[in-house]
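Take a look at the structure below.
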Protein chains: 2
Amino acid sequence: MSHQLSPEEVSPAGVDFLPGLALDFVIFGFHQNQLKILLLEYRNTGLFALPGGFIRQNENLNDAARRVLAERTSLTDIFLEQFYTFGDLARYDVAPMRAIMEAKGITPTDNHWLLRRFVSVGYYALIDFTKAVPIPDSLSDTCTWYELTALPTLIQDHRLIVQKALETLRADLDQKLTGFNQWAAPLLSDIFTMADLQRLYETILGQPLHRSSFQRKMLSLGILERLDKKYGGGAHKAPYLYRFKTDTNPGPIE
Amino acid sequence: MSHQLSPEEVSPAGVDFLPGLALDFVIFGFHQNQLKILLLEYRNTGLFALPGGFIRQNENLNDAARRVLAERTSLTDIFLEQFYTFGDLARYDVAPMRAIMEAKGITPTDNHWLLRRFVSVGYYALIDFTKAVPIPDSLSDTCTWYELTALPTLIQDHRLIVQKALETLRADLDQKLTGFNQWAAPLLSDIFTMADLQRLYETILGQPLHRSSFQRKMLSLGILERLDKKYGGGAHKAPYLYRFKTDTNPGPIE
DNA sequence: TCAAAAGTGTTACTATTACACCCATGA
DNA sequence: TCATGGGTGTAATAGTAACACTTTTGA
């Protein structure tokens, strides 16, 4: 994980947080027909990591996830799903974390709480690329978007976490997500064409879909509202514009 | 969770385990056309709980799950899946745990590690009802089977955990499990009729299935091997007996 | 020989795929 | 008017559901 820490919280105690337990986030955005995720880059180290955080002593696990996500993206009401908990011993290598802290001017003791073993609960989120304002945490330089197909090397087991998040997202696409009519809303603009929606599906699934079948299937789900057609694009028939029906969805997190 | 503890491990330290993190198990068995799960009953308290355990400092999370499961059931090589991590503050009520310890003759201090907040990683397992030898842990009297449709009141949020485990099992049935040809093997005897298999499916899903469609679908999966028909049952045509093909399955846990 | 339960065949229905065709648009 | 891309129609296919019919068995 990485960190949302005020200076005093980097103290050896870390007392306000549950020990040994962290959160890691795979935050998906969609821009220019590419799936992207947010990564932190640590100052003077060339190390990249997933955004992460810790759980306060008096805070529900899922509430902590929402809080940290809001801190990293400045967004609330985000589609957020817990997908797996990672607890291998090998996942936690102290060397990168020590390098990160030393580059930050902190010389941790050998038993500093940040250098101990962590078990990490993985969440994936779907957010609006255009609305998010990524904010680095106190140990990192930048919090920026990277294309899923061109990720830098990540610390610890973060690549595995990304992999598993993507698998879960793909599996959810065909089942769970059809229950939440608006799951895709943050990944697209408010109003979009059927081609936009299809490109999103194709990018997530990593495979092409048949145009007319896709259109019929989406319309048959009854989750789209067709608006006046316009879209002043190129020299061709102007497509309809759609938006998601505002409906009685259950909340995303369980 | 409940506990796999030698007497010295109930000491205030609990040092050998990761603090604040537990495992809870929903262990499914199938007997007399009923889905059952293993529950622990605590001595002199009338309290029931899911089997559980803790993670050693030098142990992988999933390895800890296999170890604890083996301790409770005397079985290894079990189909085991992690399905959710439960971290609400409200889930942990100290009163029942204190009652359990006091009934056992232990008077814990207020900050005893077992009375603090726990986050719990949920696993579900499928095991052979006839081969398991349920073993209570050091704080409980009995470890026995209860029908899923007639569970006693459980401590903490254990009913929610059972609910979520069942939902996951049902969802997995239609997708993930078809990849593991032998997932159902522990729930049935080595050799079974198609009707046996259908009753298992119907019991898990909680709904009747069409006989001939079910048969065709199962056979089309190519995971069953038909043996000589016998089954000296009643006054009717003797059904074929089947077994699962021994094949090149991937291991269950990821 | 009859009732019960199992295996198989047939038809209907549904969903998906693949392809064709037409429509609207702006250069 | 023509190339481009979008909407809709249709046939082929696959999978499932529903039902009928046949087979086997022990009483």
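This is a predicted model, so every value here is computed, not measured. All values below come from the heavy atoms of this structure, side chains included, with hydrogens, waters and symmetry mates left out. Residue numbers start from 1 in every chain, and the chains themselves are labelled A, B, ... in the order their sequence lines are given, proteins ahead of strands.
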Practice prompt. Can you label the angle between the B/Phe28 ring and the B/Tyr124 ring as parallel, tilted or perpendicular, going by 30° and 60°?
Written response: perpendicular
Discussion item. By the definition salt bridge (charged side-chain N to carboxylate O under 4.0 Å, His left out), identify the one residue from A/Arg91, A/Arg159, A/Lys164 that meets it with A/Asp24.
Written reply: A/Arg91
Worksheet entry | Residues in ring-ring contact (aromatic ring centres under 6.0 Å, His included) contact with B/Phe214, at least two apart in sequence or another chain | B/Tyr201
Fill in: Atom pair distance, as rounded to whole Å: CG in A/Leu221 and C1' in C/dT16
13 Å
Fill in: Atom-to-atom span, CE of B/Met194 to P of D/dT24 - whole angstrom
18 Å
Worksheet entry | From CD1 (A/Ile161) to OH (A/Tyr84), nearest 0.5 Å | 11.5 Å
Discussion item. Can you tell whether the side chains of B/Asp63 and B/Arg66 come within less than 4.0 Å, N to carboxylate O?
Written reply: no
Practice prompt. Would you kindly give the CD-to-C1' distance between A/Gln198 and D/dG5, to the nearest whole Å?
Written response: 12 Å
Practice prompt. Indicate yes or no for a side-chain donor-acceptor contact from B/Asn60 to the backbone of A/Leu89 under 3.5 Å, with no hydrogens or angles considered.
Written response: yes
Item to complete: Write down the distance between CZ (A/Arg226) and P (D/dG6), rounded to a whole number of angstrom.
Response: 13 Å
Write out a two-atom table: protein N or O, nucleotide N or O from nucleotides 4-6 of chain C, distance below 3.5 Å.
| from | atom 1 | to | atom 2 | distance (Å) |
| --- | --- | --- | --- | --- |
| C/dA4 | N3 | B/Ala235 | O | 3.3 |

Worksheet, complete the sentence: Atom NZ of B/Lys217 and atom P of C/dT8 are separated, to the nearest Å, by 19 Å
Item to complete: Return the value, rounded to whole Å, for the distance between atom CZ of B/Arg216 and atom P of D/dT16.
Response: 11 Å
Practice prompt. Select base, sugar-phosphate, or nothing to describe what A/Ser220 touches, counting heavy atoms under 4.0 Å on all strands.
Written response: nothing
Worksheet entry | Spacing between A/Asp196 atom CG and D/dG5 atom P, to the nearest angstrom | 14 Å
Item to complete: Take atom CG of A/Leu209 and atom C1' of C/dT16, then tell me their distance rounded to the nearest Å.
Response: 12 Å
